[in-house]
Amino acid sequence: MAYDPKKEYDYADVPELVGYLKRSAIDAYMMTGPGALVRRCSIEEDKYVISISRPPEGVMRIKIARPAASGKGGGHELESEWTASQMSYTAEFDSVRGCVDKIVDPWKELPDPKDVDNEIEKWITAVSPLAKDPQTVGNKSTGGGTIFTNLDQAGKALGNMSGEVIHKVETFVAKLASVTGGLHDKTMVLGGALNSEMKMFEETRASVVKALQQGIKVLDAVALSEREGFKMVLEIVSATIDAALIFTAPEVVIERKLLQTSSRALQTLKSSQDAMVDDEKVDSYDSAISQLESAFEAINKSVTKAEKGVEGMLIGNLDSMSQSDHRKYYDVTMDPIDSSAIEPAPELNVDCGKAKGVCRKFGDVRTSVIEAKDSLPRVSMFTCLLRSGVIGIGSYGPAHAFSDLNVRIEKLLKNLADDIENEAKNFDLAVEAIVSQDAQARSRLQETVDYIKGNPGDPWAESKPAPQRVKGNTIV
């Protein structure tokens, strides 16, 4: 089937388009390549007719097989008016095909946006338990978790009691709500990075198709002795920026003062622009091939800019949350309730039943936190972004930066789940000690306090995850 410039081709048609491109390149080579000044060539359906002046015999005509529409074959002599002729262009045609392959081969197996979308679905499972309300970002809907409802109910129960113990637990509830919100925001950044890569490769795939079609058009024009240039505008970086902002701006990243570093990283991405494709008109095979190569270089520059921006956004968020004065937004750090807080006092008022209810709410909150923590390791960029190492910032794009932020959030969620469990035990034993005024109850409380202080946990400790080995498209 011949190339149809009016047809709407998509990325699945790339092998077919590359075949058309190869034949167009060979046509241009035969019409303007080496030897064109000493011979004349014309194209007649499935063959090239070469006319060579050979005094005293005159003009000799030789017919050479033209490649099929698939770009394959051709180059051998079909017919010659010169009996001594054994002309072959097979090697030259293979060289032209090889030149095209060198330019386009890395772009034949780009990441499938559907694979990235699958990771976004897994991400939704991780972020939903941390969300205060259901929300729609892009065309994705995340569920609303129960954490904030449970904390609100716990707060109302605590409001019916008083005393130093109650005040400490109320402070914990407030910090827990704040930390959950902070970790939700950071998890949203992971979604923004995934969405950015998905949209970027959707646009990159479309750009590859455009570049191949423009290459065919330019080379066909050259074969007709006409001047033509590439006419295409890249929108890879802009698509990436829009995809990031849907998830992370303005309320999640830009307007939060505590995320100034990550805001600057996002601003860097926002200030990036797509590379320009050279549109100078050309009239020879060599210059047309050079422009084809330049077009794919421009695509790669845009992909690289976009991925550096996404990587910078991920690293910026990780760096900002790791700063000592920002850690409080992601990590509940409170001393446990000890025996000094349970001494009888006029303002002390505890209700054992309500306290048990608060502890149950803490258990429900912990369950949601663990659900998010257990879901995060299932979300990865490593397999869904695998491509040729010459494209963008490497074979896995920003997957390593994504993993680093993901692991940090997972550690903080694990630490948060431990904090909630410890707070529930601590509060329960403190109430028991207050109500019973029993020495054994005080002893159990102190044992818990000593355990909590002796096992604080450190979610900020640096530890690199084990390297992931990838075979084909599967982590092994």
Side-chain angles (χ1 to χ4, degrees), residues 106-107 109-127 137-138 140 142 183 185-205 236-237 239-248 253 262 265-266 269 272 300 302-319 321 372-411 413 463-476:
W107 302 92
E109 295 185 8
L110 292 177
D112 190 339
K114 291 180 181 178
D115 292 336
V116 186
D117 192 49
N118 289 338
E119 297 302 314
I120 293 178
E121 293 298 326
K122 297 177 189 176
W123 165 83
I124 289 174
T125 302
V127 76
V137 281
K140 298 294 180 183
T142 64
L183 292 174
D185 289 354
K186 289 301 182 182
T187 309
M188 287 295 293
V189 173
L190 295 177
L194 284 166
N195 196 49
S196 294
E197 289 288 316
M198 181 177 73
K199 297 301 182 182
M200 185 201 71
F201 276 110
E202 285 178 359
E203 189 61 36
T204 300
R205 284 175 161 224
I236 296 169
V237 174
T240 305
I241 293 169
D242 291 344
L245 294 177
I246 287 173
F247 279 67
T248 59
V253 174
S262 58
L266 186 59
L269 174 59
S272 298
N300 202 24
S302 285
V303 172
T304 301
K305 282 183 180 181
E307 290 203 312
K308 282 184 176 179
V310 173
E311 184 180 55
M313 182 177 70
L314 291 165
I315 293 173
N317 273 273
L318 179 60
D319 288 347
M321 70 192 302
K373 175 193 75 71
D374 290 345
S375 298
L376 273 177
R378 303 187 184 104
V379 186
S380 174
M381 277 189 173
F382 279 103
T383 53
C384 68
L385 295 187
L386 186 61
R387 85 306 285 264
S388 168
V390 303
I391 293 176
I393 60 175
S395 300
Y396 303 106
H400 289 284
F402 181 92
S403 177
D404 290 344
L405 180 57
N406 196 351
V407 168
R408 174 68 72 213
I409 297 171
E410 181 195 352
K411 284 183 177 181
L413 287 171
S463 62
K464 294 185 178 180
Q468 300 192 66
R469 296 184 296 114
V470 179
K471 182 176 182 181
N473 287 323
T474 306
I475 294 178
V476 294

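Remember, it's a predicted structure, so these values are computed and weren't measured experimentally. Reckoned from all heavy atoms, side chains included, excluding hydrogens, waters and symmetry mates.
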Can you find a pair of side-chain heavy atoms, one from [X] and one from [Y], that are under 4.5 Å apart?
{"X": "Leu385", "Y": "Phe402", "value": "no"}
{"X": "Ile391", "Y": "Leu110", "value": "yes"}
{"X": "Tyr396", "Y": "Thr383", "value": "no"}
{"X": "Cys384", "Y": "Met198", "value": "no"}
{"X": "Asn406", "Y": "Met381", "value": "no"}
{"X": "Phe201", "Y": "Val116", "value": "no"}
{"X": "Lys199", "Y": "Thr240", "value": "no"}
{"X": "Pro377", "Y": "Glu410", "value": "yes"}

What's the separation between atom [atom1] in [X] and atom [atom2] in [Y], rounded to the nearest 0.5 Å?
{"X": "Asp185", "Y": "Met188", "atom1": "CG", "atom2": "CE", "value": "8.0 Å"}
{"X": "Asn300", "Y": "Ile393", "atom1": "CG", "atom2": "CD1", "value": "11.0 Å"}
{"X": "Lys305", "Y": "Ile241", "atom1": "NZ", "atom2": "CD1", "value": "10.0 Å"}

Do you know which two heavy atoms are closest between [X] and [Y], and how far apart they sit?
{"X": "Thr187", "Y": "Leu183", "result": "OG1-O, 2.7 Å"}
{"X": "Pro106", "Y": "Val390", "result": "CB-CG2, 3.7 Å"}
{"X": "Lys186", "Y": "Leu405", "result": "O-CD2, 4.3 Å"}

Keeping [X] on the side-chain end and [Y] on the backbone end, is there a donor-acceptor pair under 3.5 Å?
{"X": "Thr142", "Y": "Ile124", "answer": "no"}
{"X": "Ser196", "Y": "Gly192", "answer": "yes"}
{"X": "Arg205", "Y": "Trp107", "answer": "no"}
{"X": "Asp404", "Y": "Ile315", "answer": "no"}

>> Glu119: which residues meet the salt bridge (charged side-chain N to carboxylate O under 4.0 Å, His left out) condition with it, sequence neighbours left out?
In response: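 Counting only residues at least two positions away or on another chain, Glu119 forms a salt bridge (charged side-chain N to carboxylate O under 4.0 Å, His left out) with Lys122.
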
>> So that I can tick it off, tell me whether Glu307 and Arg387 are bridged by a salt bridge, with the cut-off set at under 4.0 angstrom between side-chain N and carboxylate O.
In response: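 Yes, charged N to carboxylate O under 4.0 Å.
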
> Of Asn317, Leu376, Ile120, Asn195, which is the lone residue that meets side chain to side chain contact (heavy atoms under 4.5 Å, CB included) with Leu190?
Replying inline: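 Passing option: Leu376.
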
> When Val189 is tested against each of Ile409, Leu318, Leu314 for side chain to side chain contact (heavy atoms under 4.5 Å, CB included), which residue passes?
Replying inline: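 Per the side chain to side chain contact (heavy atoms under 4.5 Å, CB included) rule, the option paired with Val189 is Leu314, out of Ile409, Leu318, Leu314.
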
> salt bridge (Lys or Arg N to Asp or Glu O under 4.0 Å): which pairs involve residues 372-384, sequence neighbours left out?
Replying inline: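 Every candidate salt bridge (Lys or Arg N to Asp or Glu O under 4.0 Å) pair involving residues 372-384 fails, so no pair, neighbours aside, qualifies.
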
>> Looking at Glu109, I'd like to know if its CD atom is crowded, meaning that more than 12 non-hydrogen atoms belonging to other residues, nucleotides or ligands lie closer than 6.0 Å.
In response: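 Not buried by this count: 12 neighbours or fewer within 6.0 Å.
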
